[in-house]
Student: 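Submitted below is the structure of interest, expressed as structure tokens.
To find a chain, count down the sequence lines: A is the first, B the second, and so on, and within it residues start at 1. What you see is a predicted model; the values in this text were computed from it and never measured.
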Protein chains: 2
Amino acid sequence: MEQLWAADGALTVREVHERLAGTRDLAYTTVMTVLDRLAKKKLTERERDGKAWRYKAAAPREEMAADLMRDALDRAGDRREALVRFVGQVSDEEAALLRDALARLEAREG
Amino acid sequence: MEQLWAADGALTVREVHERLAGTRDLAYTTVMTVLDRLAKKKLTERERDGKAWRYKAAAPREEMAADLMRDALDRAGDRREALVRFVGQVSDEEAALLRDALARLEAREG
DNA sequence: AGCATCTACTACGTAACGTCGTAGACGGCT
DNA sequence: AGCCGTCTACGACGTTACGTAGTAGATGCT
């Protein structure tokens with residue numbers, strides 16, 4: 001149900017429901033409940049728009065992924081070991097991306 | 001229930017149960033069920049030892065963490081962006097560890 | 001044969017999640 | 001004013017995962 005991230009800005013329940021109508025046949029209230037629960041979990045923010053709520057992702061998909069990676073790392077015990085294993089699993093391309101990201105970080109922080 | 005990783009090698013249900021007896025007051029069968037379920041999920045391997053099973057972690061805690069990090073990354077959409085955000089969240093020390101791990105990888109793979 | 005040990009199977013409560021329905025509030029149109 | 005459509009709030013149900021545990025039955029030692 002997180003294809004809401006695929007959509008762009010802040011959407012109302014109706015809009016999300018309409019966008020989903022093509023691929024999935026969901027009740028309007030289903031979409032509502034999900035959006036509401038996401039909001040409760042702070043994964044989504046909402047603001048009033050007339051009588052309706054307008055939802056938008058609290059953080060982009062990529063931020064969520066990064067958060068999950070952090071969580072995983074935090075449960076590792078030996079961080080060094082976990083990181084070593086992680087980069088060992090990663091594709092060459094991803095390793096390059098990582099190096100790049102680290103380089104940028106260094107540049108930004110000195 | 002994953003303090004089984006804290007223990008070292010392959011343990012039988014009874015042994016795990018005994019080790020846990022100090023901190024948690026669990027029924028023998030509880031330990032058994034958990035170990036069995038972990039085995040079903042391939043998180044643990046078991047081999048016969050007389051009539052008993054002897055369980056050992058299929059992968060160390062750190063490997064599991066690395067796997068989770070991979071999973072998270074795979075759900076990211078834009079990997080580059082996710083990695084950038086991830087290194088942005090990471091502590092200086094962890095960034096250093098990461099750099100180190102990448103350097104080793106490079107050395108090993110050419 | 002009897003007893004201890006161990007496994008397999010089942011069960012129960014709780015929690016999260018996807019799915020949905022009903023009830024009620026609010027605003028526009030006639 | 002009264003009806004109708006739109007939207008929300010809240011509750012509900014099935015499924016799955018998980019922690020906990022009991023019972024039944026196999027197996028092996030004495």
Student: Looking at B/Arg61 and A/Asp78, does any basic side-chain N land under 4.0 Å from a carboxylate oxygen?
Tutor: no
Student: Nearest whole angstrom, please: distance from the P of D/dA26 to the CH2 of B/Trp53.
Tutor: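 Spelled out: CH2 on B/Trp53 to P on D/dA26 is 17 Å.
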Student: Could you state the CG-P distance from A/Asp49 to C/dG27, rounded to the nearest angstrom?
Tutor: 14 Å
Student: Base, backbone or nothing for each nucleotide of nucleotides 20-25 of chain D, written B, S, -, heavy atoms under 4.0 angstrom, 5' to 3'?
Tutor: BBBB--
Student: Please determine if A/Arg85 and B/Glu62 form a salt bridge, counting it only when a charged side-chain N lies under 4.0 Å from a carboxylate O.
Tutor: no
Student: Using a strict threshold of under 4.0 Å (side-chain N to carboxylate O), is an ion pair present between B/Lys56 and B/Glu47?
Tutor: no
Student: If you check the A/Tyr28 side chain, which of D/dC7, C/dT7, C/dT5 turns out closest?
Tutor: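 So the nucleotide nearest the side chain must be D/dC7.
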Student: Would you indicate what A/Arg54 reaches in the nucleic acid, counting non-hydrogen atoms under 4.0 angstrom: base, sugar-phosphate, or nothing?
Tutor: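 Counting heavy atoms under 4.0 Å across all strands, no contact is made by A/Arg54.
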Student: Within this structure, what is the CG-to-P distance between B/Asp36 and C/dC6, rounded to whole angstrom?
Tutor: 16 Å
Student: Between C1' on C/dT5 and NZ on B/Lys51, what's the gap in Å once rounded to a whole number?
Tutor: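 That distance rounds to 4 Å.
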Student: Check the distance between C/dT5's P and B/Arg48's CZ and give it to me in whole angstrom.
Tutor: 17 Å
Student: Provide, to the nearest angstrom, the distance between the CG atom belonging to A/Leu20 and the C1' atom belonging to C/dT19.
Tutor: 13 Å
Student: Using whole Å, report how far CZ of B/Arg14 lies from C1' of D/dG28.
Tutor: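 So the two atoms are 15 Å apart, to the nearest Å.
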Student: Is a salt bridge present between A/Arg70 and B/Glu94, judged by a nitrogen-to-oxygen distance below 4.0 Å?
Tutor: yes
Student: Name the nucleic acid region contacted by B/Lys41, choosing base, sugar-phosphate or nothing; use a 4.0 angstrom heavy-atom cut-off, strictly under.
Tutor: sugar-phosphate
Student: Inspect the contact between A/Arg75 and A/Asp71 and indicate whether a charged nitrogen and a carboxylate oxygen are less than 4.0 angstrom apart.
Tutor: no
Student: Nearest whole angstrom, please: distance from the P of D/dT6 to the NE2 of A/His17.
Tutor: 12 Å
Student: Are the charged groups of A/Arg79 and B/Glu93 less than 4.0 angstrom apart, N to O?
Tutor: no
Student: Is there side-chain contact between B/Val31 and B/Tyr55, with at least one heavy-atom pair below 4.5 Å?
Tutor: no
